[in-house]
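Just so it is clear: chains get the letters A, B, ... in the order the sequence lines come, proteins before strands, and each one is counted from 1.
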Amino acid sequence: MAFGPAINQLRAHEGQTVTLHGWVYNKRSSGKVRFVILRDGTGYLQCVAFVKDVPQEVFDLMDLVSLESSVTVTGVVRLDQRAPGGVELGLTGLTLHHMAEEYPIGKKEHGTGFLMENRHLWLRSSRQVAILRCRSEIEQSFRDYFYQNGFTLLDSPILTPAACEGTTTLFETDYFGEKAFLSQSGQLYLEPACMALGKVYCFGPTFRAEKSKTRRHLMEFWMLEPEVAFAGLDDVMALAEDFLVYVVSRVLDRCTEELKVIERDTAKLQNVRKPFPRVPYKDAVAQLHALGSDLRYGDDFGGDDETVLTQQYDRPVMVHRYPSAVKAFYMEPDPQDPGLALCVDVLAPEGYGEIIGGSERIHDHDLLLGRIREHGLPVSAFQWYLDIRKYGTVRHGGFGIGLERTVAWICGLPHVRETIPYPRMLHQLYP
RNA sequence: UCCCGGGUAGCUCAGUUGGUUAGAGCGGGUGACUGUUAAUCACUAGGUCGGGGGUUCAAGUCCCUCCCCGGGAGCCA
């Protein structure tokens with residue numbers, strides 16, 4: 001099948017007769033003149049015909065054709081101020097591929113429950129198209145940044161024998177009679193790999209069986225994790241900062257139209273420049289106390305605390321050196337204060353919360369062995385992980401960034417469910 | 001698991017102190033209209049008021065219970 005120009009390229013074809021394929025987005029009529037709005041995935045095109053200008057069967061079909069029917073239109077491209085977008089098609093031919101049944105999603109408002117049940121159709125709406133284009137651009141920029149900065153992509157396994165971090169809930173599956181779990185992080189596999197390749201990253205789906213039911217949680221989400229040999233906490237923070245600045249500027253540069261459709265206030269994204277504030281945990285706690293929080297020193301931040309704290313800044317905030325007790329077992333203790341971990345959480349502005357968590361990893365064999373025992377983890381299962389500390393161990397570190405939370409923040413969305421084509425949420429596995 | 005808020009037409013919702021035959025907008029159908037912009041206008045079809053039980057002369061409305069959905073907490077990206 002020969003494809004004509006895309007709707008968003010039509011302006012260059014003024015005066016020409018073109019043929020386009022798409023779906024009927026809307027239709028209107030006024031007696032002897034009829035309008036069919038065509039949608040092709042790149043834009044919307046008003047197609048116009050007067051009764052005297054086209055064969056009767058074409059004019060009739062313009063009225064009979066149902067919303068979302070698939071059609072091919074032929075006509076002359078012309079500029080007209082009255083057309084949405086300023087370009088329209090003087091329709092001469094209309095052929096029907098399939099007459100759609102009554103379309104469930106109307107032009108008026110719908111509830112999110114109904115839209116989620118019809119996610120496969122909801123994807124066709126202009127807002128969802130714009131969001132998914134932004135996601136695609138963000139995902140591409142994730143890969144491009146690390147490719148351009150000398151990292152090697154290292155795919156980590158999805159089926160794993162045990163909890164990477166021990167405690168949190170995992171999806172269990174059967175592996176020829178043995179228990180296997182869907183991965184919740186590739187980090188433990190990246191640490192050995194960075195000793196082979198220097199700078200590595202992985203990017204893939206991640207699974208958490210936590211029964212979380214909030215606007216920030218999915219059971220299945222995409223996470224990118226870099227890991228760098230010879231890197232300390234300051235290097236990890238600098239990397240996270242440089243990376244986020246790149247991603248945001250890339251979206252501002254290439255997704256202008258999409259951000260307009262979503263009605264994102266891009267002024268807030270323009271602020272995402274170096275340097276990001278680096279706030280020690282203990283200073284953040286003091287700051288929150290001054291703002292009225294009853295957070296206890298030693299506790300991790302709650303959702304409200306994160307929101308209040310990030311509202312004090314116009315760009316992402318890097319909170320570092322949390323108490324070791326609330327962080328993962330593999331994090332290097334701060335030599336200045338061994339009760340603290342050399343870790344960082346990057347909190348997105350506007351109340352979007354944690355999008356990055358990273359740290360310097362323990363590189364001393366005996367210290368790590370002690371931590372594994374303290375956490376009640378089976379030493380034998382972690383032998384390969386401990387091995388790295390026996391053969392030329394070095395300081396190293398990295399972070400993980402959640403794609404969906406990043407998309408939600410950059411697009412200014414109230415809920416992560418719109419950032420992924422088919423969200424997997426608590427009690428929702430359909431469509 | 002816990003705490004809130006919901007469930008009425010295909011969709012989004014209203015429904016007073018418990019009181020006659022349960023309403024609107026959108027969508028569907030029929031018709032009108034030569035430049036519509038979520039077109040407009042007229043007419044029309046469309047309901048097990050989430051399920052079960054109870055109180056009452058009378059329940060969409062009050063009580064009990066179960067189911068489902070949404071938001072939040074914990075946990076996390």
Any Arg417(A) side-chain nitrogen or oxygen under 4.0 Å from OP1 or OP2 of G71(B):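 So the side chain of Arg417(A) is within the cut-off, an N or O lying under 4.0 Å from OP1 or OP2 of G71(B).
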
N/O (side chain, His415(A)) to phosphate O (OP1/OP2, G71(B)) under 4.0 Å: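 Yes, within the criterion.
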
Aromatic ring pairing Tyr281(A)/Tyr297(A), orientation class (parallel under 30°, perpendicular over 60°, tilted between):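 If you compare the ring of Tyr281(A) with that of Tyr297(A), the planes turn out perpendicular.
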
Using a cut-off of 4.0 Å on non-hydrogen atoms, how would the nucleic acid contact of [X] be classed: base, sugar-phosphate, or nothing?
X	value
Gly353(A)	nothing
Gln46(A)	base
Asp80(A)	base
Glu88(A)	base
Thr206(A)	nothing
Ile37(A)	nothing
Arg34(A)	nothing
Gly111(A)	sugar-phosphate

Whichever of Val48(A) and Phe114(A) has its nearest RNA chain B nucleotide further upstream toward 5':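 Residue closer to the 5' terminus by nearest nucleotide: Phe114(A).
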
5' priority, RNA chain B, between Ile355(A) and Lys211(A) [closest heavy atom]: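 This one resolves to Lys211(A).
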
How many Å lie between [atom1] on [X] and [atom2] on [N], as a whole number?
X	N	atom1	atom2	result
Phe243(A)	A77(B)	CZ	P	15 Å
Glu354(A)	G74(B)	CD	P	13 Å
Met425(A)	C68(B)	CE	P	16 Å
Asp305(A)	A73(B)	CG	C1'	13 Å
Leu218(A)	C75(B)	CG	C1'	15 Å

Considering only [options], which nucleotide approaches the side chain of [X] most closely?
X	options	value
Thr214(A)	U36(B), G74(B), G71(B)	G74(B)
Asn26(A)	A38(B), C33(B), C75(B)	A38(B)
Glu102(A)	G71(B), G27(B), A77(B)	G27(B)
Ser29(A)	C33(B), C76(B), G35(B)	C33(B)
Arg405(A)	A77(B), A73(B), G35(B)	A77(B)

Side-chain donor/acceptor contact of His217(A) with base of C76(B) under 3.5 Å: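 Donor-acceptor pair under 3.5 Å: yes.
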
Distance-only donor-acceptor test, Ser212(A) side-chain atoms vs C76(B) base atoms, 3.5 Å: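 Under the 3.5 Å cut-off, the side chain and the base do not form any donor-acceptor pair.
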
Using the [atom1] atoms only, state how far [M] lies from [N], rounded to an integer number of Å.
N	M	atom1	result
A58(B)	G72(B)	P	43 Å
C67(B)	G51(B)	P	16 Å
C63(B)	A24(B)	P	29 Å
A14(B)	G7(B)	P	7 Å
G60(B)	C13(B)	C1'	14 Å

G35(B) base stacked by Phe35(A) (centroids within less than 5.5 Å, tilt under 30°):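 No, Phe35(A) does not stack on the base of G35(B), since the centre distance and plane angle fail the 5.5 Å and 30° test.
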
Under a 4.0 Å threshold between the charged nitrogen and the carboxylate oxygen, would [Y] count as salt-bridged to [X]?
X	Y	value
Arg82(A)	Asp80(A)	yes
Lys268(A)	Asp314(A)	no
Asp234(A)	Arg278(A)	no

Cation-pi, Tyr422(A) ring and Arg119(A) (6.0 angstrom, 45 degrees):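 Because its charged atom misses either the 6.0 Å distance or the 45° angle limit, Arg119(A) does not stack over Tyr422(A).
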
cation_pi(Lys327(A), Tyr322(A)) dist<6.0 Å, angle<=45: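 Yes - Lys327(A) lies over the ring of Tyr322(A), closer than 6.0 Å to its centre and within 45° of its axis.
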
Enumerate all atom pairs, one protein N or O and one N or O from nucleotides 45-51 of chain B, separated by less than 3.5 Å.
none

Which residues share a salt bridge (Lys or Arg N to Asp or Glu O under 4.0 Å) with Glu220(A), sequence neighbours left out: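 So Glu220(A) forms no salt bridge (Lys or Arg N to Asp or Glu O under 4.0 Å) with any residue.
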
Full working for ring-ring contact (aromatic ring centres under 6.0 Å, His included) between Phe146(A) and Phe243(A): CA-CA 8 Å; Phe146(A) 289 102; Phe243(A) 166 69; 5.1 Å; yes

Under 3.5 Å donor-acceptor, Lys27(A) side chain and Val65(A) backbone: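 Answer holds: yes.
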
Donor-acceptor contact below 3.5 Å, side chain Arg273(A) vs main chain Gln270(A):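 It does hold such a pair.
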
Base partner of A77(B), which must satisfy Watson-Crick or wobble distances under 3.5 Å: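 By the stated definition (distances under 3.5 Å), nothing pairs with A77(B).
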
